[in-house]
Each structure stands twice: as C-alpha cells, then as structure tokens.
Participant: 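Can you read through this structure? Questions will come right after.
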Amino acid sequence: MLDYSIQIAGENSLILYPPQQMSAEVNQWVLAACQQIEQALADVLLDVTPSYASILVSYNPLQTDHFSVKTRLKKALAEQNTEHQQIGKLVELPVYYSEESGPDLARLAKLHQLSIEQVIALHQAPLYRVYAIGFAPGFAYMGEVDERLATPRLESPRAKVPKGAVAIADRQTAVYPAESPGGWNLLGLCPLTFFDPSAEPSMPVAVGDQVRFKAIDKAEFLRLGGVV
Amino acid sequence: MSGFRIEQPGLLCTLQDQGRFGQSRLGLTTAGPADGHAFRWANALLGNTPGSCALEITLGGLQLSAGQDSHIAVCGAAVPLSINGQAKALWQGHAVKAGDRIELGMATSGVRAYLAVAGGFSVPTQFGSSATVLREGIGGLNGGKLTAGQLLPVAKAAATMASQQLFALPERFWPDYQAPLSLRLIEGYQCQDFSVVERQRFYQHSYQISPKSDRMGCRLQGPALQCQRSKMLSEGICYGAVQVPPDGQPIVLLSDRQTLGGYPKLGAVLSIDCWQLAQRPAGFELQFAAISIEQAHNLLHLQEQRFWQQHSQLEVPG
C-alpha cells in the first residue's frame with residue numbers, strides 16, 4: 001500500500017496523489033486504484049482520469065459532496081487488493097528513423113555528442129511503459145528514455161507536427177496520433193494509426209502496456225501505409 | 001425531406017449534447033455546450049430530455065430550412081431570430097412548418113446561442129455522445145463544423161412532440177451577458193505552490209479575455225503569476241481548472257480542454273461561472289474570488305433550485 005493524499009481539484013473533482021515519481025510501481029498502483037474506485041463509486045462518478053502518479057476523480061456534485069466522496073475513496077482504497085499485479089501486453093511499434101522523417105535527429109546527436117546511429121539505437125534499447133494516455137486521443141506518454149538522450153521541449157513549439165511523429169521530451173517518449181502543434185523533439189515516423197474511432201479497440205496501446213520501438217527502412221514504412 | 005437543412009452555417013456551428021463522460025482515459029475530452037445554462041433552457045422550453053442534441057452557434061449568422069413541422073427554441077446570446085422574415089423572441093418555443101426558413105442574425109450581446117428542436121437532433125453517438133470536438137474529429141456530422149447543404153435529422157419522437165404546448169421563459173429570468181463578472185474559484189491542485197503574494201496579485205487585479213480563447217480554454221491577459229514549482233508530472237484536468245503556463249497568464253480550461261496537462265493550476269472556477277465566461281467577448285475584464293468547496297456545493301444546489309423555480313413560472317406565449 002502506497003501513501004497517498006487527496007486534494008480538491010474543483011467543484012466536482014478530487015485528485016489523488018501517490019508519491020510524485022515516474023515509476024512502474026506508482027503507475028501500477030494508480031491503475032489498480034482506478035479499478036477499485038470505478039467499482040466502489042460507480043453511482044456518483046462522471047469520469048476517472050489516471051496519469052503517471054495521480055487519479056482525477058470527477059463526481060456529480062448534485063448527487064453527493066466532496067466529503068462523502070473522500071470518505072468512500074479512502075474506504076475503497078483501504079480494501080484494495082494490492083497483490084494483484086496486472087501485466088500489460090507487449091506492443092512493437094515500427095519506426096522509420098531518418099533525418100528526412102526525424103528533423104531533430106541531427107540536433108540531438110550533436111547536443112549529446114553521439115552519432116545519429118547511436119541516438120537511434122539508444123531510443124530503441126529500452127522496453128518502455130505506457131504511463132498515461134491523454135492530452136489528445138491516443139497520445140501515449142511512455143518512459144523512461146535513456147538519460148543520455150533526455151532532451152527538453154523546444155523553446156518554441158512547432159505549429160505542425162506530422163501524424164505518427166515519434167518524439168521525446170525529457171525522459172518521456174510518444175507518438176503523435178494526429179497532426180497537431182507540438183514542442184517535443186522528433187526522431188522518426190511510425191506508420192501505425194494511434195486513434196481510429198471506428199476501430200475496436202480504438203488505439204493500439206493502453207496504460208500499463210510495454211512498448212518496444214523497432215527501426216524499419218523507408219520501403220517498409222511506405223509499405224505499411226506511412227507518408228513522409 | 002425531414003429534419004432541418006443548413007443553408008448558411010455562420011462562423012462556427014456544431015452539434016452538442018450533454019458531453020462525453022467516462023472516456024478521459026482514452027484522451028477524449030468531455031466537450032458539450034460551452035454555456036450549459038442556455039443549452040439547458042433551449043431543451044427545457046420544448047420539453048426535451050435534458051442533454052438532447054442541439055446546435056451551438058458561435059456569434060450567429062445561421063440559416064436553416066425546416067423539412068418538417070416541428071418546434072424550435074433559441075436561447076443564449078442575443079441573436080435576432082426570424083422565421084420566414086418575421087421577428088421572433090428568444091428564450092421561447094416556436095412552431096415551424098415544413099418549408100419555413102429560420103434565420104439568426106449576429107449576436108449583439110453574448111457569444112453563443114443554442115437552437116434546440118423538439119425531440120433533439122438525431123445523429124449517431126461516438127463513445128457515448130454526439131458532442132462535436134473539432135480537434136479530435138469526432139461527434140456531430142463527421143466530427144466537423146456544420147457546412148451549408150448538410151441535413152440535420154431529428155429524432156422520431158419529434159413528430160409527437162409537435163402537438164405539445166410551447167413555453168416562454170419570462171424576460172426577468174434572462175441572463176445579462178454584459179453584467180460584470182467575478183469568477184468564483186475553488187482553490188485546489190497546486191494552489192499552495194503559488195506564494196501568498198502571487199495569490200493576492202491574482203485576486204486583486206482584473207484580467208482581460210484574450211482573442212485567442214476558444215472552446216478549449218479562455219486565455220486571460222493581466223498581471224503575470226509566478227509559481228514556485230517548476231516541474232510536475234502531467235495530471236488530469238477538471239472543468240474550469242485555471243492553469244498557469246510559464247508566461248504567467250492564466251487559462252480557464254473549458255468544455256474541450258485537453259484531458260492531461262503539466263502546468264500548475266490554482267484550482268477551478270465554478271461551472272455556472274464558466275458558462276457566463278463562455279458568453280463574454282474578447283477584451284472583457286473580469287476578476288476572481290476564492291470560495292470554499294462547501295460554498296461551491298451550496299451554490300450549485302441553489303442554482304438547481306432556481307432553475308426549477310423559474311421552470312414553474314414559465315409562461316404560455318400569446
């Protein structure tokens with residue numbers, strides 16, 4: 001059982017904070033706690049939003065109040081079975097790494113005194129965990145990126161980041177599910193679709209999943225439906 | 001043709017219902033009406049189920065033609081409404097006949113108007129809601145803003161609704177979208193990471209609505225606020241949350257807010273005040289005032305009571 005605190009977020013939301021760190025242990029606790037909360041408070045919940053190390057619990061304030069929800073949350077979490085460890089699925093994501101598809105590759109190599117090949121190898125090496133999905137549909141926050149690659153966000157975000165862009169920010173990595181503005185550093189392109197509202201499931205990864213990036217060449221990228 | 005046809009969509013017109021709940025873990029925002037108060041009345045005046053799908057019209061300029069007999073009501077921003085060229089009142093149900101032309105002029109007060117139809121517009125739901133989110137490309141018709149020539153189907157129940165009584169909300173209950181606005185804020189989230197001095201600055205000065213505001217958030221311009229905390233993990237954002245990015249200019253996050261964000265937040269504005277905010281134009285000046293969570297809950301219950309009191313005083317138009 002991890003220590004956690006419950007804070008007020010707004011008129012209809014409380015936020016639970018376990019220790020504020022990016023770790024599989026904390027994130028696993030978040031997932032298990034979400035399940036428990038959804039079962040125990042189903043009658044008053046509007047939404048439950050998990051992230052790295054927090055759970056935003058939104059309820060209907062005309063049905064109940066923050067005090068009652070807080071009491072029920074504490075009770076539900078005291079009964080939580082922490083023995084049960086869910087293992088997510090393993091997902092392999094193909095990436096076309098190149099200066100053509102990853103406009104920040106050369107800059108990162110120079111910044112970290114590595115070769116472009118080393119940057120690509122270091123990005124592929126870890127088995128990443130999906131810590132959270134949010135910001136936009138299908139945007140999966142994954143970690144942790146090798147310390148030697150950790151790079152802050154751009155000073156000034158790009159107006160347009162292409163769909164499928166594989167990017168890093170600090171020690172996080174992600175794939176942009178759709179063209180959007182963005183300030184992360186771009187290393188390559190993934191040809192897969194990350195959010196398809198008509199598909200079931202609508203996205204290839206879920207929180208708790210393990211992800212490995214695998215380099216593919218341009219021909220394979222185009223064959224898989226990618227567009228440069 | 002049954003349903004309604006868009007002749008002119010105006011600047012921005014979308015289909016909205018009560019919003020999309022329970023999908024934030026996929027990254028899907030809630031959406032729904034920017035002004036939940038006017039939206040609620042538009043449906044209530046026709047006897048619709050609360051949350052029925054209606055049109056949200058930004059700044060006016062909409063023209064529709066009716067393909068069937070039905071009832072409509074327009075609430076919210078003061079847009080001149082006419083049916084076949086005849087001026088009609090807002091905040092009131094009106095009968096329309098197949099072939100009628102419905103026109104909304106440009107808003108003279110307020111920003112968003114809601115047009116509801118008896119029985120509600122009937123479009124397929126995605127992830128449990130018909131609410132349109134342009135950024136996500138879901139909801140409404142093809143996830144986009146409405147365009148000329150599109151047909152808006154009406155729920156079958158509408159035919160039986162057409163025999164029902166029409167109601168009007170007495171003018172004394174109409175909101176004044178030009179009234180001064182003080183946004184009541186429930187302190188929370190990272191509020192304690194802002195020093196007492198910074199919080200005083202926030203409450204004692206006025207902020208101006210920036211023209212860069214939209215359904216995602218209302219950007220404000222005023223004295224910059226500094227947060228002592230520089231790094232945090234992205235976390236869930238509730239409706240009305242006030243986030244402060246590094247430039248120190250607060251943003252009130254509204255219906256189409258991103259689900260997760262990593263900027264510090266002072267707390268969240270009361271929903272009923274967010275609805276008023278969504279009716280104020282760029283350049284409008286406002287203040288903030290702190291309230292406790294207990295006060296917030298009381299105010300929401302009071303607002304609910306007031307709605308039903310007003311509902312009991314609806315008039316039958318002459």
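Each chain gets a letter, A, B and so on, in the order its sequence line appears, and its residues count up from 1. Excluded from the calculations below are hydrogen atoms, water molecules and symmetry mates; all remaining heavy atoms, backbone and side chain alike, are included.
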Participant: For B/Gly22 and A/Asp47, work out which heavy atoms get closest and say how close.
Facilitator: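 Smallest interatomic distance, heavy atoms only, reads N-OD2, 3.0 Å.
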
Participant: With a 4.5 angstrom heavy-atom cut-off, is it the side chain or the backbone of A/Gln172 that approaches chain B, or both, or neither?
Facilitator: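 Neither the backbone nor the side chain of A/Gln172 comes within 4.5 Å of chain B.
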
Participant: Is B/Glu235 in contact with chain A via its backbone, its side chain, both, or neither, using a 4.5 Å heavy-atom distance?
Facilitator: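 Both parts, backbone and side chain.
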
Participant: Rounded to the nearest 0.5 Å, what separation is found between the CG atom of A/Asp65 and the CG atom of B/Leu300?
Facilitator: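 CG of B/Leu300 is found 11.5 Å from CG of A/Asp65.
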
Participant: Does the side chain of A/Cys34 come within less than 4.5 Å of B/Arg25's, by heavy atoms?
Facilitator: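 Yes, at least one pair of side-chain atoms sits under 4.5 Å.
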
Participant: Find the distance between OG (A/Ser51) and CD1 (B/Ile237) and round it off to the nearest 0.5 Å.
Facilitator: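 So the OG of A/Ser51 and the CD1 of B/Ile237 are separated by 10.0 Å.
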
Participant: Has B/His297 got a side-chain atom pairing as donor or acceptor with A/Glu11's backbone, closer than 3.5 angstrom?
Facilitator: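 Yes, B/His297 side chain to A/Glu11 backbone: donor-acceptor pair under 3.5 Å.
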
Participant: So B/Cys238 and A/Leu56, side chain to side chain contact (heavy atoms under 4.5 Å, CB included) or not? Walk me through it.
Facilitator: CA-CA 8 Å; B/Cys238 69; A/Leu56 181 74; 4.1 Å; yes

Participant: What part of B/Arg257 gets within 4.5 angstrom of chain A, counting heavy atoms only: side chain, backbone, both, or neither?
Facilitator: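 Neither part.
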
Participant: Which atoms of A/Gln7 come close to chain B, meaning under 4.5 Å heavy atom to heavy atom: side chain ones, backbone ones, both, or neither?
Facilitator: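 Only the side chain of A/Gln7 comes within 4.5 Å of chain B.
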
Participant: Tell me, for A/Ser54 versus chain B, whether the close heavy atoms (under 4.5 Å) come from the side chain, the backbone, both or neither.
Facilitator: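 The side chain, not the backbone.
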
Participant: Using side-chain heavy atoms (C-beta onward) and a distance below 4.5 Å, is A/Tyr141 in contact with B/Ser234?
Facilitator: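 A side-chain contact under 4.5 Å exists here.
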
Participant: With a 4.5 angstrom heavy-atom cut-off, which part of A/Phe139 approaches chain B: side chain, backbone, both or neither?
Facilitator: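 Interface part for A/Phe139: neither.
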
Participant: With a 4.5 angstrom heavy-atom cut-off, which part of A/Ile133 approaches chain B: side chain, backbone, both or neither?
Facilitator: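 The answer is both parts of A/Ile133.
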
Participant: Heavy-atom distances under 4.5 Å only: say whether A/Ser202 touches chain B with side chain, backbone, both or neither.
Facilitator: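 Just its side chain gets close to chain B.
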
Participant: Taking the side chain as C-beta and beyond, is there a heavy-atom pair between B/Leu26 and A/Pro137 under 4.5 Å?
Facilitator: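 B/Leu26 does not reach A/Pro137 side chain to side chain.
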
Participant: With only heavy atoms counted, which part of A/Ile15 is less than 4.5 Å from chain B, the side chain, the backbone, both or neither?
Facilitator: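 Side chain only.
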
Participant: Report the distance from atom CD1 of B/Ile186 to atom NE2 of A/His66, rounding to the nearest 0.5 Å.
Facilitator: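 Separation between the atoms: 10.5 Å.
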
Participant: Of the backbone (N, CA, C, O) and the side chain (C-beta and beyond), which part of A/Phe195 lies under 4.5 Å from a heavy atom of chain B, both, or neither?
Facilitator: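 Just the side chain, heavy atoms under 4.5 Å.
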
Participant: Quick check on A/Glu147: does its CD atom have over 12 non-hydrogen neighbours (other residues, nucleotides or ligands) under 6.0 Å away?
Facilitator: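 Counting neighbours around CD of A/Glu147, 12 or fewer heavy atoms of other residues, nucleotides or ligands fall under 6.0 Å, so no.
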
Participant: Chain A heavy atoms under 4.5 Å from B/Gln23: which part of the residue, side chain, backbone, both or neither?
Facilitator: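 Looking at B/Gln23, just its backbone touches chain A.
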
Participant: Taking the side chain from B/Glu136 and the backbone from A/Ala136, do they hold a donor-acceptor pair closer than 3.5 Å?
Facilitator: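 The answer is no, because no donor-acceptor pair under 3.5 Å joins these two groups.
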
